Amino acid sequence: MLMSKLFVQTLREFPNDAEAISHKLLVRAGYIKKLMTGSYTYLPLMQRVLTKISNIIREEMNASGAQEVLMPFVQPASIWEKSGRWAVYGKELARLKDRSGNEMCLAPTHEEVVTSLTEGILSSYRQLPVNLYQIQTKFRDEIRPRFGLLRGREFTMKDAYSFHSSQEDLDREYEVMSKTYTKIFERCGLETRAVQSDSGAIGGKVSHEFMVLTDTAVGENDVFYCGKCGYSANSNHAISILNETETDGGFSSQEKVYTPDTRTIEQLAEFLNIKPNNILKSVFCIVDDKPVLVMIRGDKELEETKLLNAVQGLEMRYGTDEEIRQYFNCEPGFLSFLNINKEIKVIYDDTSKTMKNFVIGANEKDYHIVGYNFKETPETVDVSLVKEGEKCPVCKAPLHVTRGIEVGNIFQLGTKYSKPMNACYTDEDGSLKPFIMGCYGIGVTRVAAAAIEKYHDDFGIIWPKEIAPYHVVVVPVNVSDELQMNTAKDLYEKLQKEGIEVVLDDRDERAGVKFKDADLMGFPLRITVGKTINEGLVEFKVRKNGEMIKIAPDDVINKCKEYLK
RNA sequence: CGGGAUGUAGCGCAGCUUGGUAGCGCACCUCGCUUGGGACGAGGGGGUCGCAGGUUCAAAUCCUGUCAUCCCGACCA
């Protein structure tokens with residue numbers, strides 16, 4: 001490719017509307033251009049990167065036995081009604097009507113389509129297992145698209161769906177996919193960690209997310225992990241062993257105490273001269289318009305996804321002060337589960353189980369009850385957020401936390417879709433059974449963005465060689481110098497013949513401009529043809545570590561091959 | 001949807017307080033000069049000042065509404 005012909009315009013400054021470094025660099029280096037919020041055109045350089053990632057995915061998926069298909073992007077409401085998700089998916093599902101008034105939606109995912117696809121094709125246990133995948137555009141009308149390609153509304157995804165006649169076979173395929181994913185990301189130059197996670201809107205029981213761990217702030221997930229045994233989980237799923245020794249409040253008897261102006265746990269702890277973990281706090285939430293009171297140890301935070309799972313809700317928010325007064329007839333800060341309105345569902349977090357002689361609100365302004373003990377220990381459930389330093393549930397070593405970018409996930413769906421959609425096969429014994437299913441996603445565009453988040457410096461992108469748009473850029477310093485230009489052209493042609501992907505920066509620009517652009521665009525290797533060609537030498541430079549050597553033009557091909565192998 | 005900010009040329013910004021010819025840098029075009037880390041000189045093209053109302057002799061500037069974008073919280077590959 002000739003740089004002078006490449007459809008690209010680099011910017012001297014970062015765009016103002018970008019926050020994440022991958023977003024800034026992709027725009028500035030001329031890889032993407034925004035059309036509207038969350039929708040980007042992939043310019044030629046970007047398209048090459050995405051093609052490379054897609055090809056790696058294809059190779060590995062095919063090797064694992066999966067088969068590629070391509071399903072429609074616009075889908076009929078009817079199948080979503082059948083699965084039950086038309087009603088629950090919410091505003092994220094972009095809905096539209098065709099000219100006859102039929103309801104349809106833009107594909108955010110394809111469980112419904114793939115499940116209905118089996119009709120008339122998959123009918124016998126003898127045909128199982130099957131794993132179908134596609135690489136396709138998805139559209140999710142996200143509440144808040146941001147960070148460029150890290151979370152667009154329109155994005156490219158590889159999604160795979162498997163069909164099985166037994167849980168054991170699903171377990172086997174799940175393992176195969178897990179290994180395949182690790183390999184795919186490795187080949188893309190990314191180290192990932194498979195973490196346990198909540199299964200969210202897709203549904204199912206077992207699921208893992210593949211995280212690229214970052215220390216930058218844009219990772220949108222907190223990942224808790226154990227350095228000793230390797231346990232790792234998304235914060236919405238992580239658990240820890242409770243420290244039971246410090247939860248005795250030490251009060252000798254139960255008593256109502258005047259505690260004026262103690263609206264927060266900190267204020268109350270200070271006032272009573274106790275630790276926050278001796279208080280059982282009351283967190284009032286509204287889940288799907290119904291009141292829920294969560295009792296949780298004072299030093300712990302509510303984890304919202306866990307709560308939604310615990311009460312089988314779809315949407316939660318914290319109650320307003322006004323709602324608290326309405327439901328409790330009491331000022332915020334003094335609530336408890338005692339003598340409350342029966343409409344309110346009370347959830348006890350696991351942390352409440354081991355508490356003794358603790359403090360709770362009195363449901364009366366300016367009063368708390370100290371030295372309280374449960375007469376009967378209530379049924380508890382885990383709805384609290386793990387904190388760094390708490391003990392690993394597997395080996396009891398302290399847990400660490402880091403940010404992660406989710407680039408892929410795998411779910412065991414079971415019969416969540418096949419059952420309601422009545423997608424069945426005939427088993428050995430002649431009976432009809434719903435398929436046992438799994439699904440497996442990779443955010444192709446997100447992989448590219450994550451690679452940049454991970455690999456960049458002050459000068460620009462540093463692509464892993466496997467997914468770089470081109471391997472090498474050849475830079476003649478002075479295009480009007482015949483020897484330089486001819487040498488550069490010659491190298492360019494020879495590299496191409498060797499199957500090395502190369503750009504010739506033939507623009508009549510000063511060297512500085514070309515160097516800056518080469519660094520910004522992130523090509524792994526740069527061959528500079530300058531004055532030293534008069535002594536028969538060109539410069540070979542590695543983007544990643546800045547290593548630079550002078551070699552004869554004839555050695556360039558071998559040197560490139562050596563580096564790229 | 002709640003809280004904060006911003007909309008002026010492809011990009012980055014000034015001008016607005018105190019209404020009066022729409023500007024600067026980058027990018028783009030022409031010519032000259034230059035050629036190892038975003039040179040320089042001269043000339044040039046490009047903007048319904050987000051949109052709609054209102055106030056005024058006159059609005060980028062003041063007022064009202066609206067839309068969009070970005071950031072912080074509830075979503076997810």
Side-chain angles (χ1 to χ4, degrees), chain A residues 9-20 23-24 27-28 30 33-34 36-38 57 89-93 108-109 135-160 181 197-202 209-212 217 220-221 234 236 285-287 304-305 307-308 314-318 320 405-411 439-450 459-460 475-481 484-485 507-520 526 528-533 538-539 541 548:
Chain A
Q9 175 65 59
T10 57
L11 304 175
R12 195 172 288 231
E13 288 161 289
F14 282 120
N16 185 35
D17 60 358
E19 176 74 4
H23 186 192
K24 287 180 175 175
V27 172
R28 188 168 160 205
K33 188 166 189 289
K34 181 165 74 179
M36 57 178 175
T37 305
I57 293 173
Y89 212 99
K91 288 185 182 165
E92 211 181 303
L93 186 63
T109 176
I135 296 174
Q136 202 211 28
T137 292
K138 299 279 187 268
F139 189 88
R140 296 182 185 174
D141 199 356
E142 297 276 354
I143 294 163
R144 189 143 96 85
R146 59 179 151 172
F147 300 146
L149 298 191
L150 280 175
R151 188 201 289 186
R153 291 197 293 179
E154 185 168 331
F155 59 98
T156 305
M157 180 173 167
K158 188 285 302 183
D159 45 330
Y181 271 33
S197 74
D198 181 70
S199 48
I202 307 287
E209 292 170 344
F210 285 77
M211 296 281 190
V212 174
E220 296 199 277
N221 297 272
N234 192 310
N236 64 23
C285 309
I286 305 287
V287 179
E304 301 174 9
T305 306
L307 175 64
L308 286 176
L314 294 171
E315 238 181 317
M316 80 78 76
R317 62 180 172 82
Y318 291 98
T320 62
I405 300 170
E406 184 188 351
V407 288
N409 61 23
I410 54 180
F411 293 102
C439 78
Y440 320 90
I442 292 177
V444 177
T445 34
R446 194 180 270 184
V447 167
F459 298 103
V475 180
V477 168
N478 184 348
V479 294
S480 38
D481 180 307
Q484 288 183 25
M485 197 57 194
R507 296 176 299 170
D508 185 11
E509 289 285 354
R510 296 169 67 84
V513 173
K514 299 193 202 184
F515 292 160
K516 290 282 183 194
D517 277 345
D519 288 348
L520 188 59
R526 187 180 87 199
T528 310
V529 185
K531 277 180 187 153
T532 55
I533 191 61
V538 299
E539 185 180 296
K541 190 170 188 196
M548 191 258 278

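All values derive from a computational prediction rather than experimental measurement.
Judged by the 6.0 Å and 45° rule, A:Arg526 forms a cation-pi pair with A:Phe515.
Interatomic distance, CG of A:Asp159 versus CD of A:Gln136, reported as 7.0 Å (0.5 Å rounding).
Between the side chain of A:Arg446 and the backbone N or O of A:Val407 there is no donor-acceptor pair closer than 3.5 Å. Distance alone, capped at 3.5 Å, is enough to place a donor-acceptor pair between the A:Tyr181 side chain and the A:Tyr440 backbone.
Taking atom C1' on both nucleotides, B:A22 is separated from B:U48 by 13 Å, rounded to a whole Å.
A:Gly530 comes within contact range of at least one nucleobase, with a heavy-atom separation under 4.0 Å. In this structure, A:Glu142 reaches the bases: a heavy-atom distance under 4.0 Å links it to at least one base atom across the strands shown. Within 4.0 Å of A:Thr156, counting heavy atoms only, lies no atom of the nucleic acid at all. Residue A:Glu13 is classed as a base contact, given a heavy-atom separation below 4.0 Å to a base.
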Polar-atom pairs under 3.5 Å, protein N or O versus N or O of nucleotides 37-41 of chain B: list them with distances, or write none.
{"unit_1": "B:G37", "atom_1": "O6", "unit_2": "A:Arg526", "atom_2": "NH1", "d": "3.1"}
{"unit_1": "B:G37", "atom_1": "O6", "unit_2": "A:Arg526", "atom_2": "NH2", "d": "2.9"}
{"unit_1": "B:G37", "atom_1": "O6", "unit_2": "A:Lys541", "atom_2": "NZ", "d": "3.0"}
{"unit_1": "B:G37", "atom_1": "N1", "unit_2": "A:Asp519", "atom_2": "OD2", "d": "3.1"}
{"unit_1": "B:G37", "atom_1": "N2", "unit_2": "A:Asp519", "atom_2": "OD2", "d": "2.3"}
{"unit_1": "B:G38", "atom_1": "O2'", "unit_2": "A:Arg12", "atom_2": "NH1", "d": "2.0"}
{"unit_1": "B:G38", "atom_1": "O2'", "unit_2": "A:Arg12", "atom_2": "NH2", "d": "3.2"}
{"unit_1": "B:G38", "atom_1": "O6", "unit_2": "A:Arg28", "atom_2": "NH2", "d": "3.2"}
{"unit_1": "B:G38", "atom_1": "N1", "unit_2": "A:Asp517", "atom_2": "OD1", "d": "3.2"}
{"unit_1": "B:G38", "atom_1": "N2", "unit_2": "A:Asp517", "atom_2": "OD1", "d": "3.4"}

Show me the protein contacts with nucleotides 70-73 of chain B, counting only N or O atoms at under 3.5 Å.
{"unit_1": "B:C72", "atom_1": "OP2", "unit_2": "A:Arg144", "atom_2": "NH1", "d": "3.2"}
{"unit_1": "B:C72", "atom_1": "OP2", "unit_2": "A:Arg144", "atom_2": "NH2", "d": "2.8"}
{"unit_1": "B:C72", "atom_1": "OP2", "unit_2": "A:Arg146", "atom_2": "NH1", "d": "3.0"}

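Shown here, B:C70 forms a base pair with B:G4; the pair counts as Watson-Crick or G-U wobble because both key distances fall under 3.5 Å. The base-pairing partner of B:C75, taking Watson-Crick or G-U wobble contacts with both distances under 3.5 Å, does not exist among the strands shown. B:G19 makes up no base pair with any nucleotide shown, lacking Watson-Crick or G-U wobble contacts both under 3.5 Å. Both distances falling under 3.5 Å, in either a Watson-Crick or a G-U wobble arrangement, place B:A52 opposite B:U64. Here B:G43 sits opposite B:C29 as a Watson-Crick or G-U wobble pair (both hydrogen-bonding atom distances under 3.5 Å).
Atom CZ of A:Phe14 sits in a crowded spot, with more than 12 heavy atoms from other residues, nucleotides or ligands closer than 6.0 Å.
Tested against A:Asp17, the residues A:Lys34, A:Lys24, A:His23 include a single side chain to side chain donor-acceptor pair (under 3.5 Å) partner, A:Lys34.
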